[in-house]
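Please read all numbers here as calculations on a predicted model, not as lab measurements.
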Amino acid sequence: MEQKTSESPRTEIRTRTFSKQCVVETDDGVEIAVVAMSITTLGSFQEEYVEALLSKLAQTCRTFYLESGNELKTKP
């Protein structure tokens, strides 16, 4: 019996992966988390936009941690 395999379209196209870590701090400077992010983009994605994209993700992560922490503090 012959077994067929197929490649993911993503592996057939050239991609690049960018990684970044950021520290999540409260408004008074207390470190509450470290977020590690990786983004895999198509080769044609303009590299100068990667930093802006990672920064937006970091802001979203910070908001998530702070909102979650505040909500957990209100629970008995």
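With hydrophobic clusters built from ILVMFWY side chains whose heavy atoms lie under 4.5 angstrom apart, Ile39 shares a cluster with Val35.
Thr40 and Thr17 form a side-chain donor-acceptor contact under 3.5 Å, judged by distance and modelled atom types alone.
The closest side-chain heavy-atom distance from Phe18 to Leu53 is not below 4.5 Å. Counting heavy atoms from C-beta on, the side chains of Leu66 and Ile32 come closer than 4.5 Å. The closest side-chain heavy-atom distance from Thr15 to Thr41 is not below 4.5 Å. Two residues are said to be in side-chain contact when any heavy atoms from C-beta on lie closer than 4.5 Å; Met37 and Cys22 meet this criterion.
A donor-acceptor pair under 3.5 Å links the side-chain atoms of Arg62 to the main chain of Glu25, judged by distance alone.
In this structure, the separation between OG on Ser38 and CG on Leu57 is 10.5 Å, given to the nearest 0.5 Å.
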